[in-house]
Protein chains: 2
Amino acid sequence: MSDLEPSWDFYRTFLTVMQEGSLSAAARQLGLTQPTIGRHIDALETSIGFQLFIRTPQGLMPTEAAVDLKPHAAKLASNAAALLRAATGHGPSSSVGVRGTVRISASEVIGIEVLPPILAALGEAQPDLIIELSLSDDVEDLLHQKADIAVRMAPPTQDALLVQRIGGIPIGLHAHRCYLEANGVPQSLEGLREHRFIAFDRENEFTRSLRKLMPFLNAVRPVLKADSNLAQLALIRAGCGIGVCQVEIGRRDPDLVHILQKELALNLQTFLVMHENLKTTPRCRITFDALVAGMSAYAGK
Amino acid sequence: MSDLEPSWDFYRTFLTVMQEGSLSAAARQLGLTQPTIGRHIDALETSIGFQLFIRTPQGLMPTEAAVDLKPHAAKLASNAAALLRAATGHGPSSSVGVRGTVRISASEVIGIEVLPPILAALGEAQPDLIIELSLSDDVEDLLHQKADIAVRMAPPTQDALLVQRIGGIPIGLHAHRCYLEANGVPQSLEGLREHRFIAFDRENEFTRSLRKLMPFLNAVRPVLKADSNLAQLALIRAGCGIGVCQVEIGRRDPDLVHILQKELALNLQTFLVMHENLKTTPRCRITFDALVAGMSAYAGK
DNA sequence: TATGGGCTATACTAAAATGTATGAGCGACC
DNA sequence: GGTCGCTCATACATTTTAGTATAGCCCATA
């Protein structure tokens with residue numbers, strides 16, 4: 001093993017190869033060429049003294065060691081991205097407000113149905129502010145600095161985080177007007193059994209708590225399953241059946257009908273979370289405050 | 001600003017320049033040359049679009065932006081080191097036991113007076129295990145993965161950490177035999193005022209809790225101050241006066257006398273801490289267990 | 001069986017990064 | 001005042017690295 005520390009760029013190459021699965025794909029991703037990527041991996045393997053990939057004509061197969069090292073490399077990538085994001089806040093400003101990039105993590109539904117108007121107003125007030133939206137349900141975004149601010153539906157467990165409780169976002173059963181005209185409006189929860197129900201594909205924390213609150217759901221035979229809340233919403237809008245979505249989203253769409261309002265009324269607890277380190281960073285603070293205000297107004301309706 | 005991501009090596013160069021204070025010093029540190037370092041900084045500045053350093057003939061003066069970016073770069077360096085440490089565990093093994101590098105953070109006194117015999121026995125049993133000792137009182141070592149295992153004198157507040165309480169290490173007042181022969185043995189805490197007392201240079205959490213427990217210490221006029229516990233110990237051993245050290249260390253040295261045993265008996269609470277992620281890593285687990293056993297035996301005496 | 005598209009590995013060439021040598025400025029010290 | 005130490009900046013030669021082109025392998029598909 002060489003005693004020289006390998007180039008940090010090799011770690012980036014290694015991570016990309018792990019993500020893409022082949023030297024050629026990694027080369028495309030990084031804007032380099034396949035021989036270069038191959039040389040980087042060769043150099044890294046020589047440097048650390050053991051093999052990272054088994055070469056096959058179909059691509060590369062990572063060794064056990066490579067799998068172990070991947071999370072470290074991923075953390076490096078997060079750090080590098082965070083550094084670059086922080087750097088965008090220091091350039092020469094073209095106006096009076098804050099500048100720089102803030103990365104927000106949120107669920108798909110929140111990011112697509114709720115945040116856009118809030119972010120539009122924020123962008124109006126802060127023209128030099130760049131917002132990155134990362135839509136996924138990953139919980140560990142903030143820990144690894146994959147995002148600066150996160151919208152969460154569960155209280156965060158980690159400390160050293162600045163947490164602002166937004167309040168409950170009401171959710172309920174919805175269906176398209178046309179669907180109800182064709183299939184009738186259920187008058188009770190038991191009546192749902194006669195309908196096409198849109199449910200979750202995979203179980204997660206949310207669905208489990210939902211089942212605990214509404215045991216009758218176990219009896220409902222779901223005829224449509226979708227993993228993404230966004231897809232569920234699209235299915236509801238397309239008149240495929242009855243499903244669960246945020247009440248406020250239903251109100252905005254004149255074709256959606258909120259059914260069994262009294263029988264099923266739930267609140268989705270919502271939190272805004274930010275690294276404590278960032279609370280003194282103007283662009284993050286301003287974005288955080290704008291999100292608190294916007295989300296609170298949304299939840300209060 | 002260029003839209004290409006800068007080389008990660010530039011971040012390493014940037015950090016080294018921040019730490020060393022000049023291009024030339026950073027070049028020596030990294031085994032490169034001063035023009036290369038200068039070009040790296042130039043390229044990084046071009047890439048992010050603003051200046052990081054103001055060049056002066058005495059060296060470089062970091063801009064505010066550079067100060068902001070430094071912690072990000074430091075985190076990058078910690079994680080790169082952690083990756084490299086993890087990599088050492090995968091090479092071809094020359095024997096049956098575990099292999100790889102484990103980095104231990106501890107205070108100077110613990111690291112020099114207590115750990116060596118424990119680590120010697122561990123090294124005997126695990127010849128391929130490489131131990132790195134990082135001796136300082138920094139608290140945030142584990143958070144940034146600057147170490148794998150830490151010996152702490154205060155209960156850690158962060159979660160996601162595996163904590164093992166060791167018990168109290170007794171500490172007490174000590175002096176060299178010769179000093180006591182020349183200056184007499186104090187018969188009470190008040191009598192300490194007549195003696196040369198070795199105290200802490202700067203206040204920290206430990207000294208504050210010490211003062212709270214023993215208010216009379218405020219009245220004692222310290223004639224010798226040292227920031228490092230290790231230096232204090234050396235002063236005690238050299239017969240400079242009376243100071244505080246671990247009872248077990250005093251017992252091992254036939255020339256040290258433990259005075260006012262009944263009047264002053266304190267226990268230093270001790271904890272072993274490790275990242276939860278590492279508990280399944282054999283080399284870390286084995287080292288952790290060896291430290292728990294060794295430290296418990298030490299504290300139990 | 002033939003063919004197209006995916007992959008890696010290898011020569012060879014072009015570009016980019018590094019090292020060397022040197023100049024110039026500032027401060028400490030004799 | 002001169003000299004030595006340190007610093008950064010610049011011009012030039014060299015080495016290193018990346019890109020290009022090509023060959024060989026495997027698999028899917030017509």
Side-chain angles (χ1 to χ4, degrees), chain A residues 1-48 50-63 65-67 69-70 73 80, chain B residues 1-48 50-67 69-70 73 76 80:
Chain A
M1 163 163 42
S2 166
D3 52 351
L4 267 78
E5 187 186 355
S7 164
W8 287 6
D9 285 340
F10 294 167
Y11 300 147
R12 170 169 57 183
T13 302
F14 163 71
L15 176 63
T16 311
V17 172
M18 285 294 282
Q19 289 169 337
E20 300 292 326
S22 80
L23 299 182
S24 310
R28 286 191 294 272
Q29 176 75 24
L30 290 172
L32 298 172
T33 57
Q34 170 259 320
T36 299
I37 304 297
R39 283 187 283 249
H40 281 187
I41 298 297
D42 285 345
L44 188 56
E45 287 178 334
T46 310
S47 187
I48 59 183
F50 54 90
Q51 210 173 10
L52 288 167
F53 296 97
I54 298 161
R55 273 77 166 173
T56 76
Q58 298 86 284
L60 299 193
M61 197 190 160
T63 63
V67 176
L69 295 187
K70 186 184 175 187
Chain B
M1 164 161 47
S2 164
D3 53 350
L4 266 78
E5 186 186 354
S7 164
W8 287 5
D9 286 339
F10 294 168
Y11 300 145
R12 171 169 55 184
T13 302
F14 162 71
L15 176 63
T16 311
V17 172
M18 286 294 283
Q19 290 169 337
E20 301 291 326
S22 80
L23 299 182
S24 310
R28 285 190 292 272
Q29 176 74 24
L30 289 172
L32 299 172
T33 57
Q34 170 259 320
T36 299
I37 304 298
R39 283 186 284 250
H40 281 186
I41 299 298
D42 284 345
L44 188 55
E45 287 178 335
T46 310
S47 187
I48 60 182
F50 54 90
Q51 212 173 10
L52 288 168
F53 297 97
I54 300 161
R55 272 77 164 173
T56 76
Q58 299 88 286
L60 298 193
M61 197 190 160
T63 64
E64 192 185 338
V67 176
L69 294 188
K70 185 184 176 188
L76 212 41

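In the text below, chain A, chain B and the rest are named by the order of the sequence lines, each starting its count at 1.
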Indicate every side-chain donor-acceptor pair of residues 23-31 of chain B with a distance under 3.5 Å to a residue at least two apart or in another chain.
none

* Asked: Could you go step by step and tell me if W8(B) and L76(B) meet the side chain to side chain contact (heavy atoms under 4.5 Å, CB included) rule?
  -> CA-CA 9 Å; W8(B) 287 5; L76(B) 212 41; 5.5 Å; no
Would you mind reading off the distance between [X] atom [atom1] and [N] atom [atom2], rounded to a whole angstrom?
X	N	atom1	atom2	answer
L30(B)	dT18(C)	CG	P	11 Å
D9(A)	dA18(D)	CG	C1'	13 Å
R28(B)	dG5(D)	CZ	P	13 Å
L52(B)	dC8(D)	CG	C1'	16 Å
L32(B)	dA16(C)	CG	P	20 Å
I37(A)	dA18(D)	CD1	P	9 Å
I41(A)	dA9(C)	CD1	P	11 Å
I54(A)	dC7(C)	CD1	P	19 Å

* For each nucleotide in nucleotides 9-17 of chain D, reading 5' to 3', give B when a protein heavy atom comes within less than 4.0 Å of its base, S when such contact involves only the sugar-phosphate, and - otherwise. => BB-------
* Before giving the answer on side chain to side chain contact (heavy atoms under 4.5 Å, CB included), spell out for L44(B) and Y11(B) the whole-Å C-alpha distance, their side-chain angles and the decisive distance to 0.1 Å. => CA-CA 8 Å; L44(B) 188 55; Y11(B) 300 145; 3.9 Å; yes
* Asked: So, the side chain of T63(A) versus the backbone of F53(A): is there a donor-acceptor pair under 3.5 Å, distance only?
  ->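 No: the side chain of T63(A) does not pair with the backbone of F53(A).
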* Would you call D42(A)-R39(A) a salt bridge at under 4.0 Å N-O? ->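 R39(A) and D42(A): not salt-bridged.
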* OP1 or OP2 of dC7(C) less than 4.0 angstrom from a side-chain nitrogen or oxygen of S22(A), does that happen here? ->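 For dC7(C), OP1 or OP2 has a side-chain N or O of S22(A) closer than 4.0 Å.
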* dT8(C) OP1/OP2 closer than 4.0 Å to side-chain N/O of S24(A) ->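 Indeed, a polar side-chain atom of S24(A) lies that close.
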* Mind listing the closest non-hydrogen atom pair of I41(A) and F14(A) along with its distance? =>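 Shortest heavy-atom separation between I41(A) and F14(A) comes out as CD1-CA, 3.9 Å.
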